[in-house]
Amino acid sequence: MRSATITRKTAETDITVEINLDGTGSYDNQTGVGFFDHMLDQLARHAVIDMKIRASGDLHIDDHHTVEDTGIALGQALAQAMDDKRGIRRYGSCLLPMDDALVRAALDLSARPHLVWNVALPTAKIGSFDTELVREFFQAFATHGGITLHVDALHGLNSHHIAEAAFKAVARSLRDALEVDPRKADDVPSTKGVL
């Protein structure tokens, strides 16, 4: 079973992430940051990954450490659950519409982390959530998950729609990349023989 549990404790946060890459998209995410929980739920549902996250952080300061450290722990859990990446399709992409927003995501589970982020969020806040933290999450997730990740917002007026479309587009791309290729189920998808 492709699953992992990661616990990350610092002076700023205490986070446990449990994932199952072969799940049904069930989720139970509690970080203390409402909008962020909603986005993590979307990530699990649309990637069809079972995900349970418990995070407590220094929210009296702001949401930054909790969001970033959750991205770190989730990326580490993904990398551990993929093991040697034998059989995966490796690449995924999605062009995702959500009302006024249209977001494109493309990724490579390459073990070469890189984020290209062309997403403008027109407001500084979504409710009480700092919109700049959307990028911070994906930077931490890509870095610690070993993901080359490109996210481009092609259209959008509403920050909530743009952010949610980004999470869903990445999720759908991740779903495709993590799928086992029945024609190459015993192979690592690289001419190097290792990822």
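Just so it is clear, the model here is predicted, and its values are computed rather than measured.
Follow the hydrophobic side-chain contacts under 4.5 Å out from L121 and you never reach M98; the two are in separate clusters. Hydrophobic clustering places L133 together with V33 (ILVMFWY residues linked when any side-chain heavy atoms are closer than 4.5 Å, directly or through intermediates). No continuous path of hydrophobic side-chain contacts links L95 to I162 [ILVMFWY only; heavy atoms under 4.5 Å]. The hydrophobic cluster containing V188 does not contain L178, counting ILVMFWY residues as joined when their side-chain heavy atoms lie under 4.5 angstrom apart, directly or transitively.
Distance alone, capped at 3.5 Å, places no donor-acceptor pair between the D14 side chain and the K9 backbone. Looking only at distances, a side-chain donor or acceptor of S110 sits under 3.5 Å from a matching main-chain atom of R112. The closest donor-acceptor contact from the side chain of D100 to the backbone of N158 lies under 3.5 Å.
No more than 12 heavy atoms of other residues, nucleotides or ligands lie within 6.0 Å of CZ in R45, so this atom counts as exposed by the packing criterion. At most 12 non-hydrogen atoms from other residues, nucleotides or ligands lie less than 6.0 angstrom from NZ of K184.
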Start with the C-alpha gap between D108 and R90, add the side-chain angles, then the distance that decides, and say whether salt bridge (charged side-chain N to carboxylate O under 4.0 Å, His left out) holds. CA-CA 6 Å; D108 176 8; R90 179 178 166 181; 2.6 Å; yes
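I88 and A177 make their closest contact through CB-O, 3.5 Å (heavy atoms, listed as atom of the first residue, atom of the second, distance).
Using cut-offs of 30° and 60° on the angle between ring planes, the pair H160 and F35 is perpendicular. By the 30° and 60° cut-offs, the orientation of the rings of F137 relative to F141 is parallel.
For F167 and H46, the ring centers are positioned 6.0 Å apart or more.
To the nearest 0.5 Å, the span separating CG on D50 from CG on D22 amounts to 9.0 Å. Separation of atoms OG1 (T7) and CZ (R54) is listed at 12.5 Å; rounding is to 0.5 Å. Atom CD1 in I49 sits 11.5 Å away from atom OG1 in T24 (nearest 0.5 Å).
When side chains are defined from C-beta on, L195 does not count as touching L109, because their heavy atoms never get closer than 4.5 Å.
Applying the side chain to side chain donor-acceptor pair (under 3.5 Å) test to T123 and every residue at least two apart in sequence or in another chain returns S159.
At a cut-off of 3.5 Å, with distance as the only test, no side-chain donor of D37 or N29 sits close to an acceptor on the other residue.
Between D187 and R86, none of the side-chain N atoms (NZ, or NE/NH1/NH2) sits under 4.0 Å from a carboxylate O, so this pair counts as no salt bridge.
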